[in-house]
Amino acid sequence: MDNERFVADIADELKLSPRQVAAVMKLLEEGCTVPFIARYRKEAHGNLDEVQIGNIQERLTFHRELEARRETILSSIIQQGKLTDELKAQILACKTRTALEDLYLPYRPKRRTRAMVARERGLDPLAQLILAQGNEDPSTEAAAYVNPEKEVADSLMALRGARDIVAETIAENSEVRGFARAYLAQHGIVKSEVVDPPPSAPTKFEQYYDFEEPVVAIPSHRFLAIKRGETEGVLRSSLSVDSAPIIAKALEIFNLREGSSWAKELKTAAEDGYRRLIAPSIELDVAVELKQKSDREAVEVFAENLRHLLLQAPLGERAVIGVDPGIRTGCKCVALDATGKFLKNVTIYPSQGQMKEVEAAVEILKLVSALKPTAIAVGNGTAGRETEAFVRKTLKSAHHSDIIVVSVSESGASVYSASEVARDEFPELDLTVRGAISIGRRLQDPLAELVKIDPKAIGVGQYQHDVNQTLLATKLDEVVISCVNRVGVELNTASAPLLTRVSGIGPALAKRIVEHRNTYGAFHSRGDLLKVPGLGAKTFEQCAGFLRIRESENPLDRSAVHPERYEVVRQMATDAGLSVSDLVGNSSAVAKIKAADYESETLGALTLKDILDELKKPGRDPRETFTPPAFREDVCTIEDVQPGMKLEGIVTNVTAFGAFVDIGVHQDGLVHVSEIADRYVKDPAEVVKAGDRLSVTVLDVDVARKRISLSARKNARPERMHGSRPSGGQRGGYSSRPQSSSRGFSNNPFAGL
């Protein structure tokens with residue numbers, strides 16, 4: 001298969017034009033990154049977005065791998081001397097790996113089988129008589145193959161061996177296998193049951209102790225819950241299907257003649273072939289495909305949550321105090337300037353008696369007096385709400401009501417604190433102090449800080465420990481890179497982990513950029529990047545447009561206009577009778593520019609529109625304006641939560657069955673999909689996303705199991721206090737929650753299923 005056929009196939013699969021696919025393939029082969037192609041080569045591919053470009057890249061990889069496997073299979077069959085023109089045509093026509101492997105199955109080297117043994121005993125001609133469906137007498141024909149020396153003691157044994165050959169022939173037929181697999185996928189049932197003997201204590205999997213659901217209907221979160229139950233030794237699962245239609249189809253393919261004297265032998269062989277050879281194989285195939293499908297859906301949920309989390313509104317370049325709450329070891333407080341630079345830290349003990357509380361208030365006010373912060377960020381972990389209340393009280397008593405106090409997610413804080421990145425940044429500081437710095441910086445710029453953490457540790461996924469880890473890591477990395485390049489990066493303050501995610505820049509080059517900055521001082525222009533060892537013209541092309549230099553004399557260095565387009569902007573300014581500095585940010589002047597006047601063979605309308613939009617609002621941050629959450633001050637623990645309460649919360653995670661909401665009491669509440677809106681909602685992601693503020697009504701509180709059920713409906717009706725919703729109920733909402741959270745453990749009681 002050549003590249004032209006790759007183009008046609010991918011275009012057909014993705015419903016794109018061949019021209020678009022060919023253009024993206026060419027750019028990828030030239031070493032361009034997905035963000036660069038999407039942003040700066042729109043004319044070439046017709047304004048495809050990052051998702052579409054990524055899909056082309058993914059399908060290109062698939063087709064190349066399929067082609068490599070096809071060549072291996074053809075070579076193997078040629079070496080066996082068994083390749084016919086018909087078989088070659090079938091192999092070349094295969095569109096999937098499964099179909100290709102089905103065709104190769106009869107020729108694949110394998111361990112000794114019952115059919116092999118039968119052939120060695122000379123029974124293949126007898127098997128051919130069964131397949132021919134003639135009118136010979138089976139017993140008479142079989143008697144001719146009796147040979148004690150070959151361990152064929154009688155005609156019954158001869159017929160049994162011939163049926164083994166026929167069974168394998170049927171089982172290795174690609175048409176039979178394709179039908180059987182498709183039939184199981186369409187009509188099969190997923191079943192699960194509790195192990196024997198069952199667990200003595202209650203488990204999270206009780207709704208799956210006697211469970212079944214069609215393969216085509218089972219949602220990803222339920223299938224992954226069953227697989228986790230198997231992993232934990234609580235459940236057994238299987239796939240089942242009515243075999244009669246599959247066997248009937250096999251007999252049809254092999255031309256069963258009801259009037260033939262061999263019909264019974266063919267039926268027996270087909271039943272044996274299905275039971276012994278086909279069923280185990282296709283059940284595994286369908287189960288694997290179902291797992292892969294569930295993995296893909298779960299990964300997409302994780303990716304979407306992560307995207308919204310990374311793109312949360314930043315407080316911006318303002319001084320903050322970060323507080324990592326604690327009880328026994330105290331609260332670690334750090335002062336950070338407007339750029340996030342660490343200035344000072346103190347430890348306070350506001351929960352260890354009145355005297356310590358007074359001392360803590362004094363220390364907080366000293367930091368406030370010295371730093372004059374815009375906000376104080378308090379981690380939402382253990383003692384978070386109590387610490388937040390203490391800080392508010394302290395500020396109020398000193399008439400600092402202008403300073404906002406914000407609860408900040410600690411997800412992954414301990415992972416960062418112990419990481420090599422944190423050690424490189426703050427080698428002299430304690431782990432807990434690093435955690436407080438991370439909390440403060442997350443408020444200033446969530447994206448810049450969260451890129452330092454393994455996305456899986458942030459805790460916004462669904463079954464992230466159960467899905468394919470390579471698929472998960474690849475997808476999450478794509479999301480982080482996409483978000484970083486969408487927002488842009490300040491070159492003179494960015495950390496190495498943040499620079500690593502910029503288009504065209506990897507870990508090694510990011511470190512060299514930081515080293516160059518530390519040695520020679522700040523970059524004065526984008527062009528200065530070319531002085532960094534190892535950063536050549538191609539890398540500069542890929543990364544320059546996504547980097548910003550706020551203090552550059554050239555105002556275009558502060559914008560998303562790519563350096564390759566600086567000349568056209570200079571011409572626009574000259575034609576307008578202005579300097580570039582006077583044009584940039586001058587909306588009225590930019591509005592008068594006619595883009596068509598500057599079109600050329602290499603510069604089209606799409607890119608010109610982007611340039612003009614950027615000139616109107618250079619360096620505009622695409623994220624929303626920061627608004628602090630409004631938790632109720634009298635609701636700090638789960639015991640404070642009562643059915644019927646109207647609360648405001650922050651969506652922390654969106655799964656296939658609902659949304660988890662932080663209402664400020666350590667345990668997130670669950671808004672089941674059936675309670676997420678006043679209309680029918682199939683996918684919660686249609687309505688809410690991670691980071692959204694959501695007004696909710698408390699439906700039910702189970703203090704013992706630390707579960708809070710919420711509703712976002714306008715006329716929600718509360719249920720009961722200290723109740724317990726049955727684990728197998730229709731809501732099904734207690735069956736999934738990421739296992740990692742603020743400090744490597746979930747603060748959510750729904751974790752584990």
Side-chain angles (χ1 to χ4, degrees), residues 6 10 13-14 24-25 28 31 33-35 50-70 72 96-98 100-101 219-221 223-228 230-232 284-307 309-310 411-412 415-416 419-421 450-485 497 500-508 510 653 655-656 736-741 744:
F6 280 152
I10 294 172
E13 291 162 3
L14 300 179
V24 170
M25 285 174 53
L28 290 170
T33 67
V34 172
E50 284 189 12
V51 173
Q52 292 170 307
I53 295 168
N55 288 340
I56 293 173
Q57 186 177 44
E58 179 184 325
R59 296 310 297 168
L60 180 60
T61 299
F62 167 81
H63 281 287
R64 285 175 172 165
E65 291 176 350
L66 182 66
E67 178 64 14
R69 181 58 180 161
R70 193 192 319 274
T72 298
T96 67
R97 181 72 175 258
T98 301
L100 194 58
E101 297 299 341
S220 63
H221 64 275
F223 186 75
L224 291 174
I226 291 171
K227 302 311 289 184
R228 184 183 292 175
E230 282 191 299
T231 300
E232 296 187 12
L284 179 61
D285 288 347
V286 172
V288 168
E289 176 57 34
L290 191 52
K291 175 63 164 60
Q292 291 174 342
K293 174 177 176 289
S294 298
D295 283 358
R296 289 191 296 270
E297 291 180 8
V299 166
E300 287 298 329
V301 169
F302 200 144
E304 192 64 16
N305 285 334
L306 178 64
R307 182 182 303 279
L309 185 65
L310 293 175
S411 296
V415 176
Y416 163 76
S419 69
E420 183 178 349
V421 172
L450 290 174
V451 295
K452 302 175 184 177
I453 303 168
D454 181 349
K456 288 181 287 185
I458 297 175
V460 291
Q462 179 184 359
Y463 295 98
Q464 65 261 41
H465 301 290
D466 301 296
V467 302
N468 182 292
Q469 295 300 293
T470 301
L471 174 68
L472 178 62
T474 300
K475 185 64 179 180
L476 298 186
D477 195 53
E478 290 174 3
V479 170
V480 174
I481 290 172
S482 172
C483 292
V484 168
N485 290 286
T500 296
R501 306 296 189 163
V502 173
S503 170
I505 299 177
N653 193 15
T655 70
S736 179
R737 176 62 170 145
Q739 294 169 324
S740 61
S741 186

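What you see below is based on every heavy atom in this structure, not just the backbone, and it leaves out hydrogens, waters and symmetry mates. One-based numbering along the sequence shown. A quick note: this is a predicted structure, and the numbers were derived from the prediction, not measured.
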Point to revise | Pairing of E289 and R296 as salt bridge, 4.0 angstrom limit | key: yes

Check your understanding: For the residue pair T33 and G504, what are the closest heavy atoms and their distance?
Key -> CG2-N, 3.6 Å

Exercise for review: Only counting residues at least two apart or in another chain, list the ones meeting side-chain hydrogen bond (donor to acceptor under 3.5 Å, both in side chains) with E304.
Suggested key: H308

Review point. Is the shortest heavy-atom distance from the side chain of L224 to the side chain of D295 under 4.5 Å?
Key: yes

Check your understanding: Any donor and acceptor pair, going by atom type alone, linking the side chain of N485 with main-chain N or O of P35 inside 3.5 Å?
Key -> no

Check your understanding: Do P455 and V480 come close enough that some side-chain heavy atom pair is under 4.5 Å?
Key -> yes

Practice item. Applying salt bridge (charged side-chain N to carboxylate O under 4.0 Å, His left out), name anything that partners E101, two or more places apart in sequence or on another chain. Key: R69, R97, R108

Review point. With sequence neighbours left out, what residues match L14 under side-chain contact (heavy atoms from CB on, under 4.5 Å)?
Key: I10, L16, N55, I56, R59

Point to revise | All side-chain hydrogen bond (donor to acceptor under 3.5 Å, both in side chains) counterparts of S482, not counting sequence neighbours | key: E50, R307

Practice item. Quick one: list whatever passes salt bridge (charged side-chain N to carboxylate O under 4.0 Å, His left out) with E58, sequence neighbours left out. Key: none

Check your understanding: Who passes side-chain hydrogen bond (donor to acceptor under 3.5 Å, both in side chains) against K452, sequence neighbours left out?
Key -> E425, E449

**Study point:** With sequence neighbours excluded, residues passing side-chain hydrogen bond (donor to acceptor under 3.5 Å, both in side chains) with S294
**Key:** none

Practice item. Sequence neighbours left out, what passes side-chain contact (heavy atoms from CB on, under 4.5 Å) with D285? Give chain and number order. Key: R177, R181, S281

**Study point:** Residues in salt bridge (charged side-chain N to carboxylate O under 4.0 Å, His left out) contact with K227, at least two apart in sequence or another chain
**Key:** E230

Review point. Partners of P507 by side-chain contact (heavy atoms from CB on, under 4.5 Å), sequence neighbours excluded?
Key: T500

Revision key, fill the gap. T61 meets the side-chain contact (heavy atoms from CB on, under 4.5 Å) criterion, sequence neighbours left out, with E65

